[in-house]
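Notes for the one structure printed next.
In the text below, chain A, chain B and the rest are named by the order of the sequence lines, each starting its count at 1. These numbers come from the heavy atoms of this one structure, side chains and all, not from hydrogens, waters or symmetry mates.
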Amino acid sequence: MPEGPEVECTRLALSPLIGKRILSIKFTKNSQKYQKYKNKQQEINGFKGQKLIKIERKGKFLIWVFEIEKVILNHLGMSGKWILLTSDKQELPSHAKVFLNMEDLPHAVFDDTRNFGQFRVFNNYNSVSEYRPIKKMGIDGLANKFPIEEFLEKLNKKNYSEREIGAVLLDQKLVAGMGNIYKSESLALAEIKPMRLVKELSENEREFLGICISKTLHKALKSMGSTFQAFRTPDGQEGKAQNWHQVYGKEGSFCSKCSNKITKIIQNGRSTFFCSKCQK
DNA sequence: CCGCTGGCCTGCGAGC
DNA sequence: TGCTCGCAGGCCAGCG
């Protein structure tokens, strides 16, 4: 589920928690099967009674800010999701890792089936900023005004020139929040083949790609409306973004622009989809 | 420093 | 129907 737009949806859906106190916070029984959650309970006990001030998103990370200096850095990984519990009697989902017992309903649960998610405590905000993935993070693909100049500048860096654009787009140091689906979708919209080398891309193509990235991510965020709903009613609908996918997951079906068959390749170990006719 | 490969996990659907 | 296998939208350690 979670690329930048889905993480932003999650952040928005968590807004009922803002300004509320956490009565207690617990690593669940399920979480104790995994090393990364073991013997960490004491560390998060410090958040007891704390008021949640805000939740920020940086790339695909969520940063939970409280009255105290301590900060929680949370990544959804491949399968992590937050679920709001609207009743005190509601059971925890089977892969619940962290339970936030709030002063008022709803409570919140971090559920992560594949356990690739992250939930780390930092002593202060500054140390989060110094954490390498945050510090080195590229431009925000979901910025209201996509910083095209900065995008072009970063794309111009030497180490990208000999690499394939499809692989480069997944680098969070370039566009933070980009993921494997919207990588293929952005390139389809820009009509650029994923295996083109960065050095081969013209100035016009680069600029148009930047615009297409921004358009794709914003459109994804917008069409997640139903995921937003599903967040409140966990067994509800999923997002709508898949309804407009041009290429992702469409191997063998026909391109909606030219009726050519969509191709799938593995690029740097990741599935990559494109139309070999539309995309130059 | 860099990029690439494989590992971390569970669940699901295709194919037999 | 039931089994196995391959694959899944993430990152990161370790290697060359």
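Summarising the geometry of Pro194(A) relative to Gln267(A), their closest heavy-atom pair is O-NE2, 3.0 Å, with the distance given to 0.1 Å. For the residue pair Val247(A) and Ser184(A), the shortest heavy atom distance occurs at CG2-O, 3.6 Å. Closest approach of Thr86(A) to Leu105(A), counting heavy atoms only: O-CD1, 3.4 Å.
Listed nucleotides: dC12(C), dA8(C), dG10(C). Nearest to the side chain of Pro133(A): dC12(C). Of the candidate nucleotides dG11(B), dG9(C), dC11(C), dC11(C) has the atom nearest to the side chain of Gln172(A). You'll find that the side chain of Tyr131(A) is closest to dC12(C), out of dG3(B), dA8(C), dC12(C). When each of dG9(C), dC11(C), dG11(B) is scored by its nearest atom to the side-chain atoms of Lys60(A), the top-ranked nucleotide is dC11(C). Checked against dG10(C), dG11(B), dC4(B), the side chain of Glu3(A) finds its nearest nucleotide in dG10(C). Minimum atom distance to the side chain of Asn159(A) is reached by dG3(B), of the listed dC11(C), dG3(B), dG9(C).
Note that CE of Met178(A) is 10.0 Å distant from NZ of Lys183(A), once rounded to the nearest 0.5 Å. Of the inter-residue distances, the one linking Ser186(A) atom OG with Ile211(A) atom CD1 reads 12.5 Å to the nearest 0.5 angstrom.
Considering only side-chain N and O atoms, Tyr34(A) lies under 4.0 angstrom from the phosphate OP1 or OP2 of dT10(B). Applying the 4.0 Å criterion to OP1 and OP2 of dC2(B), one finds that Arg163(A) has every side-chain N and O outside that range. Contact between the side-chain N/O atoms of Lys136(A) and the OP1/OP2 oxygens of dC11(C) is not found at any separation under 4.0 Å. For the pair Tyr248(A) and dG9(C), the criterion of a side-chain N or O lying under 4.0 Å from OP1 or OP2 is met. Taking 4.0 angstrom as the limit, Arg270(A) places none of its side-chain polar atoms (N or O) nearer than this to OP1 or OP2 of dC4(B).
Rounded to whole Å, atom P of dC12(C) lies 7 Å from atom NE2 of His75(A). As a whole-Å value, the separation of Asp171(A) CG from dC12(C) C1' is 13 Å. Taking atom NZ of Lys158(A) as the reference point, atom P of dC2(B) lies 13 Å away to the nearest angstrom. In this entry the distance linking CE of Met78(A) with C1' of dC8(B) reads 10 Å, nearest Å. In this structure, Glu162(A) atom CD and dC2(B) atom C1' are separated by 14 Å, rounded to whole Å. Distance CD (Glu8(A)) to C1' (dG9(C)): 17 Å, rounded to an integer number of Å. Rounded to an integer number of Å, the gap from CD of Glu164(A) to P of dG3(B) is 13 Å. Atom NZ of Lys81(A) and atom C1' of dC9(B) are 13 Å apart (whole Å).
When Phe122(A), Trp64(A), Phe47(A) are each tested for a side-chain contact (heavy atoms from CB on, under 4.5 Å) with Lys70(A), only one passes: Phe47(A). Put simply, the residue from Lys145(A), Lys60(A), Arg57(A), Lys58(A) that forms a salt bridge (charged side-chain N to carboxylate O under 4.0 Å, His left out) with Asp140(A) is Arg57(A). Of the residues listed (Phe146(A), Phe208(A), Tyr160(A)), the one engaging Phe151(A) in a ring pair (Phe, Tyr, Trp, His ring centres under 6.0 Å) is Phe146(A), and it is the only one.
Nearest-nucleotide mapping onto DNA chain B: of Ala167(A) and Arg132(A), the residue sitting toward the 5' end is Arg132(A).
Straight-line distance between the C1' atoms of dG3(B) and dG9(C): roughly 22 Å, to the nearest whole Å. A gap of 15 Å separates the P atoms of dG6(C) and dG6(B), to the nearest Å. Of the P atoms belonging to dC9(B) and dG14(C), the separation is 15 Å, rounded to the nearest Å.
Side-chain atoms of His95(A) and Asp112(A), non-hydrogen and from C-beta on, never get closer than 4.5 Å to each other.
In this model, a donor atom of one side chain and an acceptor atom of the other lie less than 3.5 Å apart for Asn45(A) and Gln41(A).
Gly179(A) comes within 4.0 angstrom of the backbone, heavy atoms only, and of no base. Within the 4.0 angstrom heavy-atom criterion, no nucleotide atom of any strand lies near Lys157(A).
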Base-pairing string, 5' to 3', of DNA chain B - Watson-Crick or wobble, under 3.5 Å, | interstrand: .|||||||.|||||||

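Against DNA chain B, the stretch residues 113-125 of chain A makes heavy-atom approaches under 4.0 Å through Thr113(A), Arg114(A), Phe116(A).
Ion pairing of Glu185(A) with Lys219(A) is absent here, as no side-chain N (NZ or NE/NH1/NH2) approaches a carboxylate O to less than 4.0 Å.
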